[in-house]
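The structure under discussion appears below in the form of structure tokens.
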Amino acid sequence: MNAVVRRAPSSFEILTPSPDDRTRARLGRLTLPHGVVETPQFMPVGTNATVKALDPDDIAATGATIILANTYHLYLRPGHQRIERLGGLHRFMAWDRPILTDSGGFQVVSLADSRKVDDDGATFRSHIDGSIHRLTPESAVAIQEALGADVAVAFDHPVYPSSERSVVEDATERTHRWAERSVAAHRREDQALFGVIQGGLEPDLRERSTRFIAGLPFDGINIGGLAGDETKVQRRETLDLVVGLLADDPRPRYLMGLGSPADLLDAVEQGIDLFDSVLPSRVARTGQVWIPGGKLNMRRSALLDDPAPIEDGCPCLACRRFSRAYIAHLFRARELLAYRLATCHNLTFTLDFMARIRTALAAGNLPESRAELRLRAGRSTLGEAAGEPE
Ligand SMILES: [Zn+2]
């Protein structure tokens, strides 16, 4: 598939030493205006221009090199024009590394109190104060240009994977028309623009969407409409189809909304380069921390006497300084530090897991490392990934 090359606010290099027909996984390097992102990579989510409970130094210490911020949330509060007047999103949140802003489409569909989608755009009621708003492909691009992230995403119309065919078809065709309008509207030369493939679980619609989106001059390709209520088999088949069609397309592939280590490993092996999810940080705030092979519930009373760190050898803030006993106490007392420490740990665990995958890819032995990585990832937590917005 030949993509039209536009300009170059970003570049993507595939570094995998030699093609390995045992895996579609690839090692890459995405260069953006605010820095370099080694792929496969996970992006922590900073919904309201903050990764909940962490300051920018904490975020960097987890190993994050790029974060995601939500266009819908920042548009509603505090407003993209205010952020622009204050010097843009990087300065506003004091994060000087790469940022990706999402299209806003997913939140319009999943969060807004009521919505009406027509061919021109989406009208919705704010979940914060009930006020009425309208987003179009052009305004979603303008908002993201004002925020000034390294990567903007074309406005799309997502639907749940299990939606009936006519709904999926309608949303997919609309996403294509909106993708063209987004490309036409995008002006900022220091910002990459990614486009979103939809198509639900319908193979012919996925194929049509993949060909259409890949045919536009986007800098990266998002795969939308997954990490919802589909089964693992449905996801695998859909990714097989999409990545197979993309073949040697030179652009980064980003699967939106996936966050458990087991799911990340599966998707990397299917050829995905970028991920984001609220999962690691959200489950951390409920007291669930990830350890090799599974999870630890910090609210369990048995941990109140445990002097060990959450995970031996983990370089995170929580594990370097504090015991399970202390953190278990903080959760029971609902102390704010609990949320910060658990979030630092889960993001560090997730980003370290991605680093392990990259190390195996660089050494050309991901297939041999698969069993060990799978053991570390523990059980898949697909169910927890549903209901992404926060
Ligand atoms: Zn830790």
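First listed ligand is number 1; within each ligand, the first listed atom is number 1. Treat the numbers as computed from the prediction; the structure is a model and nothing was measured.
Protein N, O or S atom count below 2.8 Å of the Zn ion (ligand 1): the structure gives 4.
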Practice prompt. Applying salt bridge (Lys or Arg N to Asp or Glu O under 4.0 Å), run through D263 and K232 and close with a yes or a no.
Written response: CA-CA 9 Å; D263 287 344; K232 273 178 104 70; 2.9 Å; yes
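For T172, there are no side chain to side chain donor-acceptor pair (under 3.5 Å) partners at least two apart in sequence or on another chain. Contacts of N346 classified as side chain to side chain donor-acceptor pair (under 3.5 Å), with partners at least two apart in sequence or in another chain: none. For H133, the ring-ring contact (aromatic ring centres under 6.0 Å, His included) test picks out Y75, F124, with sequence neighbours left out.
Side chains of H34 and R97: a donor-acceptor N/O pair is absent below 3.5 angstrom, by distance only. No donor-acceptor contact under 3.5 angstrom links the side chains of H186 and Q144, judged on distance only.
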